[in-house]
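Below: the structure, in structure tokens.
Atoms within each ligand, like the ligands themselves, are counted from 1 in listed order.
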Amino acid sequence: MNSHVMRRLLAVPASILLLASTAAHSAAQSWVVNPASDNAEVVSQLFWFTLVLAAIVFVLVEGLLIYSSLRFRRRAPLPLHEPPQIHGNTRLEVMWATVPALILIGLFGITVTRLGDLSQLPTSDPNALRIAVTGRQFQWEFGYGDTGVKSTNTLHIPTNRPLIFEVTSADVIHSFWVPDMYGKIDANPGRVNRISFSARQPGTYRGVCAELCGAGHAGMLFRVEAVSPNDWQQWIDQQKSGAPPPGAAAGDPTAAGRDLIGQKGCGGCHVIPGVPGANGAVGPSLAGVANRRTIAGGAVPNNSPDDLKKWIMNPPGVKPGTAMPNLGLTDDDATKIVAFLETLK
Ligand code: CUA
């Protein structure tokens with residue numbers, strides 16, 4: 001065997017190993033191993049059950065194959081004597097048709113039942129929290145029950161409370177997905193799709209848009225902050241009161257930025273905590289804007305103070321076609337405004 005063929009043959013097990021280690025690595029950080037919601041737990045159980053069943057069948061079939069290849073390999077030198085010929089074995093054939101059929105029917109039954117459980121909404125549970133989810137090119141907006149509180153690109157949820165997500169879109173089709181929670185559903189314009197899950201533990205999880213929706217699709221990410229019910233209520237109360245965040249108290253250097261935001265009329269388009277009367281709904285809420293990974297629907301891929309400043313000084317220059325106008329801010333104005341925005345965590 002020449003070395004070229006040898007290398008090719010070795011490439012096969014090498015790539016299988018690579019694939020397996022990649023899969024194991026990503027599985028270790030996902031719902032398969034660490035289900036973060038009751039829904040994910042159900043799917044995780046189904047996954048392991050199917051995997052173990054498939055593994056048993058795989059080992060059995062491949063084992064028999066290898067055993068037969070070795071045990072019944074050609075031993076005698078040519079010319080061959082013809083081995084005994086066999087034609088059919090009714091009992092065996094019935095068995096290898098029935099057993100797989102029964103396994104598949106069983107799997108089908110279990111899967112359908114469990115998936116049916118997943119699509120049940122806890123609508124009659126008085127403790128259930130409804131969260132309005134709106135996808136738009138390219139960001140996610142969240143509204144919390146009847147509190148009037150909204151957030152953009154960060155989803156704040158209480159743990160151990162049934163959540164009902166009412167998902168829609170303001171433009172094209174998106175798909176709301178929190179992989180660790182196994183919550184995935186299409187966001188269609190003109191329609192509300194519902195999905196439910198309940199987070200088990202406090203933590204930060206990632207959410208994505210799972211439907212190709214345009215040039216900014218890949219940046220249509222959001223963060224899920226799961227906190228205890230008490231902490232969540234505190235967050236809601238703080239958002240509702242419109243009280244300035246600690247860093248934006250009067251006399252603070254960031255207060256100048258807050259006043260400028262009031263003068264420039266930013267509140268006509270945005271909800272801005274700490275700015276009186278800022279309750280516009282044209283643009284995204286700026287609650288927690290400092291925590292966002294990206295801004296301007298992904299047009300500013302890294303939300304640093306510098307990039308945020310470049311963005312607010314000339315939005316159409318950064319993202320042609322944006323609804324955000326150029327307000328003609330001076331460098332000094334923009335610095336002050338960004339200093340205030342950085343307090344919105
Ligand atoms: Cu929205 Cu992809």
Side-chain angles (χ1 to χ4, degrees), residues 22 26-27 29-32 36-37 39-40 43 118-119 121 129-144 149-157 163-197 199 204-226 269-271 280-304 307-308 311-312 315-316 318-324:
T22 313
S26 54
Q29 345 173 296
S30 80
W31 54 267
V32 177
S37 78
N39 274 11
V43 182
L118 284 185
S119 58
L121 297 175
L129 171 68
R130 285 172 191 272
I131 299 182
V133 178
T134 307
R136 65 174 78 228
Q137 290 170 314
F138 295 97
Q139 65 202 19
W140 291 101
E141 288 155 20
F142 306 103
Y144 302 88
V149 172
K150 288 184 175 176
S151 67
T152 302
N153 285 3
T154 303
L155 170 62
H156 297 261
I157 53 174
L163 309 171
I164 302 175
F165 295 90
E166 308 191 312
V167 182
T168 189
S169 165
D171 38 49
V172 302
I173 301 177
H174 304 274
S175 180
F176 169 82
W177 189 24
V178 186
D180 289 340
M181 307 277 174
Y182 182 71
K184 186 200 226 178
I185 197 157
D186 274 1
N188 297 347
R191 198 192 142 79
V192 175
N193 288 331
R194 290 178 179 81
I195 193 171
S196 166
F197 59 74
T204 302
Y205 306 91
R206 71 200 168 95
V208 299
C209 175
E211 179 75 52
L212 182 60
C213 54
H217 161 71
M220 204 169 152
L221 309 167
F222 58 101
R223 250 180 11 171
V224 182
E225 296 285 358
C269 287
H270 298 281
V271 170
V282 177
S285 160
L286 300 186
V289 69
N291 283 335
R292 283 202 227 149
R293 193 149 35 146
T294 70
I295 40 175
V300 180
N302 279 311
N303 181 14
S304 69
D307 288 344
L308 182 58
W311 160 247
I312 62 169
V318 175
K319 185 188 179 188
T322 178
M324 176 133 159

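Atom O is the N, O or S atom of Glu211 at the shortest distance from atom 2 (Cu) of ligand 1. Within His217, the N/O/S atom positioned nearest atom 2 (Cu) of ligand 1 carries the name ND1.
Closest non-hydrogen pair, Ala210 versus Lys184, comes out as CB-CE, 3.6 Å. Of all non-hydrogen atoms in Ile185 and Arg194, the two that sit nearest each other are CD1-O, 3.3 Å.
Shown here is Lys150, whose NZ atom has no more than 12 heavy atoms of other residues, nucleotides or ligands within 6.0 Å.
Residue side and main chain included, His174 places no N/O/S atom under 2.8 Å of atom 2 (Cu) of ligand 1. For Met220, the nearest N, O or S atom to atom 1 (Cu) of ligand 1 falls under 2.8 Å. Using a cut-off of 2.8 Å, one finds that Cys209 contributes an N/O/S atom close to atom 1 (Cu) of ligand 1.
Put simply, the side chain of Ser175 never gets that close to the backbone of Glu211: no donor and acceptor are under 3.5 Å apart.
Taking the six-membered ring for Trp and thresholds of 30 and 60 degrees, Phe165 and Phe176 have ring planes inclined between 30 and 60 degrees apart.
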